[in-house]
Amino acid sequence: MRKIAVITGGSKGIGRGIGLRLASKGWDLAFSYRRDEAGAKKFVDEVAKAGGRALAVQADHTQDGSIDALFDATAKEFKAADLFVANAAATAFLPLMQLKAHQIDKTLAMVIKSYILGAQRSVPLMEGRNGSILAISGMDTVDTVPFPRTPRAAKAAMEMLTRYLAAELGYHKIRVNAINPGFIDTDSSRFYAKDGFDAIAKAVAGVIPNGRIGYPEDVAKLVEFLVSPDAEYINGQTSTSTAASP
């Protein structure tokens with residue numbers, strides 16, 4: 001029986017790394033993308049080359065009904081799911097005092113609302129399959145950073161929701177965990193850091209014991225472990241995919 005993963009924001013960055021890793025281990029997946037149709041089609045081909053089958057679903061998770069679109073397509077195509085990864089995130093790059101109401105709503109909808117609704121939709125598809133739900137958090141949930149602040153607070157809420165979901169879904173034999181991946185080299189990280197990316201990466205690497213920043217593949221390896229039988233007793237936890245800084 002092939003296993004099925006559902007990933008929000010799955011065609012780039014961490015989502016892409018997770019999808020390719022799972023595909024190489026015999027998984028199929030359904031993933032959402034926001035705008036880049038060409039990139040989504042390319043990722044479908046990459047998954048096929050890695051040994052899996054992928055279903056691309058256009059969905060803007062700031063909008064109502066987007067999670068339903070992803071899970072409806074998953075149910076129709078695969079009839080089941082073994083893993084839901086709440087990975088999608090976006091924000092306005094502004095100080096808190098300058099945020100507009102609609103910008104706050106969009107961030108919370110994508111990070112928090114889609115996580116809860118995705119967990120709800122996961123339950124019937126995971127019945128009898130010992131499924132897993134994973135939230136992708138962020139390293140700045142434990143300390144303040146200059147920008148952007150809203151998604152970091154939302155990611156911290158994600159980690160707390162993970163504990164509550166784990167307690168609630170244990171009855172369904174569904175484990176719920178979060179991953180706080182540290183500083184990861186992704187298109188998003190490079191976009192926000194702009195010309196300062198290399199300097200930031202060097203500074204971060206300097207305080208990490210193993211001397212380098214992380215890559216999507218590092219997160220994907222942790223996902224592979226967390227969904228394996230070896231991790232069956234890990235539930236309601238936030239794990240890290242990088243060596244901690246002092």
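Side chains included, hydrogens not; waters and symmetry mates left out as well; all remaining heavy atoms used. What you are looking at is a predicted structure, and each value in this text was computed from that prediction instead of being measured.
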Query raised in the report: Within the side chain of Gln63, is there an N or O that forms a donor-acceptor pair under 3.5 Å with the backbone of Asp60?
Result: no

Report summary line: Between the NZ atom in Lys113 and the NZ atom in Lys106, the distance rounded to the nearest 0.5 Å is 13.0 Å

Query - Note, Phe225 side chain near Asp230 side chain (heavy atom, < 4.5 Å) - result: yes

Query raised in the report: Mind checking whether Phe183 and Tyr215 have ring centres under 6.0 Å apart?
Result: no

Requested in this report: Look at the side chain of Arg53 and the backbone N and O of Ala48, then say whether any donor-acceptor pair between them is shorter than 3.5 Å.
Outcome: no

Report summary line: When rounded to the nearest 0.5 Å, the distance separating CD of Gln103 from CG of Leu108 is 12.0 Å

Query raised in the report: Does any N or O in the side chain of Arg2 come within less than 3.5 Å of the main-chain N or O of Gly26, such that one atom is a donor and the other an acceptor?
Result: yes

Query raised in the report: Going hydrophobic residue to hydrophobic residue with side-chain gaps under 4.5 angstrom, can you get from Val44 over to Leu22?
Result: yes

Query raised in the report: Can a salt bridge be assigned to the pair Lys41 and Glu37 using a cut-off of 4.0 Å between side-chain N and carboxylate O?
Result: yes

Query raised in the report: Crowded around Glu232 CD? As in, over 12 foreign heavy atoms under 6.0 Å?
Result: no

Query raised in the report: Do Ser66 and His61 get their side chains close enough for a donor-acceptor pair, meaning under 3.5 Å?
Result: yes

Query raised in the report: What closest approach, in Å, do Ser239 and Leu222 show between heavy atoms, and which atom pair accounts for it?
Result: CB-CD2, 4.0 Å

Query - Joint cluster assignment, Leu96 & Ile112, ILVMFWY side-chain distance < 4.5 Å - result: yes

**Report entry** Pairwise distance CG(Leu117) to OG(Ser122) - rounded to 0.5 angstrom
**Finding:** 10.5 Å

Report task. Using atom types as modelled and distance alone, determine if a side-chain donor or acceptor of Gln237 lies under 3.5 Å from a backbone N or O of Asn235. Result -> yes

Report summary line: Minimal heavy-atom distance between Gly17 and Ala220, with the atoms involved, is O-CB, 3.3 Å

Report task. Check whether any side-chain heavy atom of Ile136 lies under 4.5 Å from a side-chain heavy atom of Ile18, and answer yes or no. Result -> yes

**Report entry** Heavy-atom pair with the smallest gap, counting every atom of Pro181 and Ile14
**Finding:** CG-CD1, 4.1 Å

Query raised in the report: Would Lys221 and Arg21 count as a side-chain contact (heavy atoms from CB on, under 4.5 Å) if you check the C-alpha gap in whole Å, the side-chain angles of each, and the deciding distance to 0.1 Å?
Result: CA-CA 7 Å; Lys221 291 173 185 177; Arg21 181 80 181 185; 3.8 Å; yes

Query - is_close_aromatic(Tyr33, Phe43), centroid dist under 6.0 Å - result: no

Which side-chain N or O atoms in residues 160-169 pair as donor and acceptor under 3.5 Å with protein atoms at least two apart or in another chain?
unit_1	atom_1	unit_2	atom_2	d
Thr162	OG1	Tyr115	OH	2.8
Thr162	OG1	Met158	O	2.9

Query raised in the report: With side chains defined as the heavy atoms from C-beta onward, is the minimum distance between Leu70 and Thr8 less than 4.5 Å?
Result: yes

Query raised in the report: Phe78 and Leu55: side-chain contact (heavy atoms from CB on, under 4.5 Å), yes or no, with the steps?
Result: CA-CA 9 Å; Phe78 297 113; Leu55 172 67; 4.1 Å; yes

Query raised in the report: So, the side chain of Arg190 versus the backbone of Asp198: is there a donor-acceptor pair under 3.5 Å, distance only?
Result: no

Report task. Using modelled atom types only, decide if a donor and an acceptor are shared between the side chain of Asp28 and the backbone of Ala54 within a distance under 3.5 Å. Result -> no

Report summary line: Tightest non-hydrogen contact, residues Met126 and Ser132, listed as CE-O, 3.2 Å

**Report entry** Hydrophobic cluster membership, Ile133 vs Val111, 4.5 Å side-chain cutoff
**Finding:** yes

Report summary line: Correct closest heavy-atom pair for Glu159 and Ser137 would be OE2-OG, 2.6 Å

Query raised in the report: Taking 4.0 angstrom as the limit, do Asp218 and Arg212 come out as a salt bridge?
Result: yes

Report task. Could you grab the distance from atom CD of Glu224 to atom OG of Ser24, nearest 0.5 Å is fine? Result -> 6.5 Å

Query raised in the report: Run the side-chain contact (heavy atoms from CB on, under 4.5 Å) check on Met1 and Arg129 step by step: do they pass?
Result: CA-CA 10 Å; Met1 179 179 67; Arg129 298 175 73 93; 3.3 Å; yes

Query - Heavy-atom check, side chain of Ile184 versus side chain of Pro216, under 4.5 Å - result: yes

Query raised in the report: Can you get from Met110 to Ile104 by hopping between Ile, Leu, Val, Met, Phe, Trp and Tyr side chains that sit under 4.5 Å apart?
Result: no

**Report entry** Residue pair Leu83 / Trp27, side-chain heavy-atom distance below 4.5 Å
**Finding:** yes

Query raised in the report: Can Asp36 and Lys12 be counted as an ion pair, charged N to O under 4.0 angstrom?
Result: yes

Query raised in the report: Heavy-atom distance under 4.5 Å between the side chains of Leu29 and Val6, does that happen here?
Result: no

Report task. Kindly indicate whether the side chain of Thr74, heavy atoms from C-beta on, has any atom under 4.5 Å from the side chain of Asp72. Result -> no

Query raised in the report: If we only count heavy atoms from C-beta on, is the Arg121 to Asp68 side-chain gap below 4.5 Å?
Result: yes

Query - Candidate list Ile179, Asn87, Asn180, test side-chain contact (heavy atoms from CB on, under 4.5 Å), partner Val219, passing option - result: Ile179

**Report entry** Which atom of Leu125 lies closest to which atom of Ala75, heavy atoms considered
**Finding:** CD2-CB, 4.0 Å

Report task. May I ask you to check whether over 12 heavy atoms, not counting those of Lys79, lie within 6.0 Å of atom NZ? Result -> yes

**Report entry** Salt bridge present between Glu127 and Lys173 (N-O < 4.0 angstrom)
**Finding:** no

Query - Residue pair Lys202, Ile213: steps toward the side-chain contact (heavy atoms from CB on, under 4.5 Å) verdict - result: CA-CA 8 Å; Lys202 183 177 180 180; Ile213 63 171; over 6 Å; no

**Report entry** Asp45 atom CG, neighbour heavy-atom count above 12 within 6.0 Å
**Finding:** yes

